[in-house]
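Not measured: the values here are computed from a predicted model. Throughout, protein chains are lettered first and strands after them, A, B, ... in sequence-line order, and every chain is numbered starting at 1.
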Number of protein chains: 2
Amino acid sequence: MAATMHDVARLAGVSIKTVSNVVNGYPHVRAETRAKVLAAIDQLDYQVNVAARNLRTGRTGIIALAVPELSLPYFAELADRVIEAAREHGLTVLIEQHGGDRERELEVLSGARRHLTDGLIFSPLALGAGDERLLEVDFPMVLLGERIFHDGVDHVTMHNVEAARAATAYLLELGRRRIAVVGVHAGEVVGSAGLRLEGYRLALADAGIPFDPSLLGEAGLWHRATGAEAMAALLESDAGPDAVFGFNDALALGAMHELQVRGVRIPEDIAVLGFDAIDDAMYSFPALSTVDPGKEQIATTAVQMLVDQAANRQSYRNGVHRPTRVYADFRILVRGSTEPATEASRR
Amino acid sequence: MAATMHDVARLAGVSIKTVSNVVNGYPHVRAETRAKVLAAIDQLDYQVNVAARNLRTGRTGIIALAVPELSLPYFAELADRVIEAAREHGLTVLIEQHGGDRERELEVLSGARRHLTDGLIFSPLALGAGDERLLEVDFPMVLLGERIFHDGVDHVTMHNVEAARAATAYLLELGRRRIAVVGVHAGEVVGSAGLRLEGYRLALADAGIPFDPSLLGEAGLWHRATGAEAMAALLESDAGPDAVFGFNDALALGAMHELQVRGVRIPEDIAVLGFDAIDDAMYSFPALSTVDPGKEQIATTAVQMLVDQAANRQSYRNGVHRPTRVYADFRILVRGSTEPATEASRR
DNA sequence: GATCCGTGGTACAACGTTGTAAAGAGTGTC
DNA sequence: GACACTCTTTACAACGTTGTACCACGGATC
């Protein structure tokens, strides 16, 4: 049905390889010949068959991005940035959702899709300590997140500990002393929850404030709903917080919702701070102060690393190139949920 | 590097075609032979090369989903559902963002990617009346949205007019009489803005209430920011609304934010109603009442239609199968932003 | 005993592209 | 005029799979 290089070649009166040369921008083609070929391509509305090219070259121009789920704004925004960054490199993005399900994460790693893609950007949720060996795959991969660390793979992550420490320090500077956290995973050491909690504890220690376990709000899933539930539990205990640090924005927004339902004033009675800097955070009321973990940088860096891996496959295989770990820059975005606002700054 | 069918065949001591038969579940293979092949596959950790299979069969197992941008929660949630629906059919989803840019939308339609995918689910934003011919492509495609209608293609859309009419009628039932709308595109007839405005007008007419242009809030982009701006403009005019109907949830949430900044009580002074039923809407304060346009149904129907098209390519080509248009079911989700709430219902 | 059929297996030729090697056509140098 | 060089173009063989055609075997049918 669709035209092939053969058809173009016949119409232009040249060999099929010459058509290929034109299509791929090979320089040593006479201008006249090139024009003939281009005219034929135009006339037949020819498009290269990517599958055939792929079979021949082993490249597809597709990279896979595996995330828990796109319904979570953080991952939706990350995916958005990854798609745009990939586009800059002429790549398209195939998205896989694993929903934090271990089986599905393993499927992503060893899956049949690997022939379809030039590489994988993988943000695991279920995999963790002890699974490092599973990451030693023989295709280009960049790891995201903080569930698992392994020197053998390129990794883009955030300054979780430092950012959480700075965030907590910021709340302390505001004079808050009873800072609750929402999103704790009991017993977790590595992973966003463990690392951010570590940062929180360090900041308290820096300020000489005792750590009080009654201020810890557990939340397995980091959704708005669980944030609201954890907040409710904190309010119904006798913890008496004057600030809440949500380990992500969804948790913080859920907590904020719960506070407002109960008539607690934000930030006067309780200041609220989030993490992730999702778009929503800007439009809550009051707007949610949050930690921007460098989403944009994470996306562009990950894509760049993947492209580099693909380009220098040899060096990566034989160990000339050592895998690197990049920590994105963070900053605290101050908004109305923490600073007693003037009419203007409250937005 | 990776094992091929040749390797498996050699190890199992059979022909390469027999391996292919085993892999593809061809029934006439002796159990003993099948076992040998499976053992070899296992031993070599063999995976079919999808590119080669694709070249041979013309199928890739990938479908493309083209949306404006994933940062918009509606599309992120839609993509989530599409990915899951595709998974049920053994398909993977490649996502393209066109950002509502005409050039990029055209690229999607005529793009080089078409060889990589078995079909396209396309939600245009820039294309519209006059571009119908562009939709007559020779690969499986399902159209989403309400920017453009064409009898020649399968289409999944919403009851925009009816849903907006019902939504407006609901606000009227609550006793609201000065219902402002946010998200108007002046002069648009087709498209979400045009159709939803039409529903609004019909409901007013049904109730015998005069249409007042001063209650129309324009907003080109349907983001929270523009919703807030439009709301501000309405409040600073002398329109005096007692309800706001946001043409999507982002607009409504933005409007709500603006109202709260100004100390307007929701729903007592002004009721707010959205459209799309994104997850966020559940966790604003008060929770946003909204119209659920049947997102889930849209996603599953679109994928199903695409699969059917691919399976019955012939019938579609020669016109035996006629393209259909499906309208998803909608319903109004009543929450605290419209109903003067009890402590319980307010959540 | 010839014919037909179902089963289990194989050989070969595609699918549409690109890398390799090499041939022809000029151009310049000695 | 021979040689080396560059530019331009080509033929051919892959890449890894599957569809088609076909062969061989045994059992059933006439």
Side-chain angles (χ1 to χ4, degrees), chain A residues 1-38 40-41 44-62 90 112-118 139 310 313-314, chain B residues 1-38 40-41 44-62 112-118 139 313-314:
Chain A
M1 195 105 270
T4 75
M5 275 193 175
H6 276 100
D7 304 325
V8 175
R10 202 170 324 128
L11 181 61
V14 299
S15 82
I16 174 178
K17 181 70 225 231
T18 298
V19 177
S20 170
N21 286 339
V22 169
V23 168
N24 292 288
Y26 180 72
H28 299 308
V29 177
R30 233 187 327 154
E32 190 187 335
T33 312
R34 184 189 310 277
K36 266 194 308 189
V37 171
L38 289 176
I41 286 177
L44 295 174
D45 194 23
Y46 167 77
Q47 315 238 188
V48 284
N49 181 324
V50 192
R53 169 183 287 173
N54 167 25
L55 177 59
R56 192 56 243 250
T57 62
R59 291 271 166 81
T60 62
I62 304 183
R113 307 281 188 285
R114 78 181 187 203
H115 276 297
L116 276 175
T117 55
D118 294 343
F139 50 89
R313 206 77 203 101
Q314 283 310 322
Chain B
M1 194 104 268
T4 74
M5 275 194 175
H6 276 101
D7 304 326
V8 176
R10 203 173 320 129
L11 182 61
V14 297
S15 82
I16 173 179
K17 182 68 226 238
T18 297
V19 177
S20 170
N21 286 339
V22 169
V23 168
N24 292 287
Y26 180 72
H28 299 308
V29 178
R30 236 189 321 161
E32 191 188 334
T33 313
R34 184 189 311 277
K36 266 194 309 191
V37 171
L38 289 176
I41 286 178
L44 295 175
D45 194 24
Y46 167 76
Q47 315 237 193
V48 283
N49 180 324
V50 192
R53 169 183 286 176
N54 167 26
L55 177 59
R56 195 52 243 250
T57 64
R59 290 273 165 80
T60 60
I62 304 183
R113 307 281 188 284
R114 80 179 186 202
H115 276 298
L116 276 175
T117 55
D118 294 342
F139 51 88
R313 204 77 202 101
Q314 284 311 321

Nearest whole Å is fine: how far is [N] [atom2] from [X] [atom1]?
{"X": "A:His6", "N": "D:dT10", "atom1": "NE2", "atom2": "C1'", "value": "13 Å"}
{"X": "B:Asn49", "N": "C:dC15", "atom1": "CG", "atom2": "P", "value": "18 Å"}
{"X": "B:Asn21", "N": "D:dG16", "atom1": "CG", "atom2": "P", "value": "19 Å"}
{"X": "A:Met5", "N": "D:dC12", "atom1": "CE", "atom2": "P", "value": "18 Å"}
{"X": "B:Arg10", "N": "D:dG16", "atom1": "CZ", "atom2": "P", "value": "12 Å"}
{"X": "A:Glu32", "N": "D:dT9", "atom1": "CD", "atom2": "C1'", "value": "13 Å"}

Notebook entry, point to check: B:Asp118 and B:Thr60: side-chain hydrogen bond (donor to acceptor under 3.5 Å, both in side chains), yes or no, with the steps?
Noted result: CA-CA 6 Å; B:Asp118 294 342; B:Thr60 60; 3.0 Å; yes
Next item on the list: Indicate, yes or no, whether a donor-acceptor pair under 3.5 Å links the base of D:dT18 to the side chain of B:Arg56.
Entry: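 It does, because a donor-acceptor pair links the side chain of B:Arg56 to the base of D:dT18 below 3.5 Å.
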Notebook entry, point to check: What about B:Lys17: does its side chain form a donor-acceptor pair under 3.5 Å with the base of D:dG19?
Noted result: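 Looking at the base of D:dG19, it does pair with a donor or acceptor on the side chain of B:Lys17 (distance under 3.5 Å).
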Which part of the nucleic acid does [X] contact within heavy-atom distance under 4.0 Å: base, sugar-phosphate only, or nothing?
{"X": "B:Val23", "result": "nothing"}
{"X": "A:Thr18", "result": "base"}
{"X": "B:Tyr46", "result": "sugar-phosphate"}
{"X": "A:Asn24", "result": "sugar-phosphate"}

Indicate yes or no for a side-chain donor-acceptor contact from [X] to the backbone of [Y] under 3.5 Å, with no hydrogens or angles considered.
{"X": "B:Asn49", "Y": "B:Ala51", "value": "yes"}
{"X": "A:Asn54", "Y": "A:Val50", "value": "no"}
{"X": "B:Asp7", "Y": "B:Ala3", "value": "no"}

Which nucleotide sits closest to the side chain of [X]: [options]?
{"X": "A:Tyr26", "options": "D:dT8, C:dT10, D:dA13", "result": "D:dT8"}
{"X": "B:Ala52", "options": "C:dG19, C:dG9, D:dG16", "result": "D:dG16"}
{"X": "B:Ser15", "options": "C:dA11, C:dG8, D:dG16", "result": "C:dA11"}

Notebook entry, point to check: Are OP1 or OP2 of C:dG9 and a side-chain N or O of B:Arg30 less than 4.0 angstrom apart?
Noted result: yes
Margin query: Please determine whether a side-chain nitrogen or oxygen atom of A:Thr4 lies at a distance below 4.0 Å from atom OP1 or OP2 of C:dC15.
Written below: no
Checklist line | B:Met5 and B:Val37, any side-chain heavy atoms less than 4.5 Å apart | finding: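 No, too far: nothing below the 4.5 Å cut-off.
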Margin query: Taking the nucleotide of DNA chain C with the nearest heavy atom to each, does B:Leu55 or B:Thr33 sit closer to the 5' end?
Written below: B:Thr33
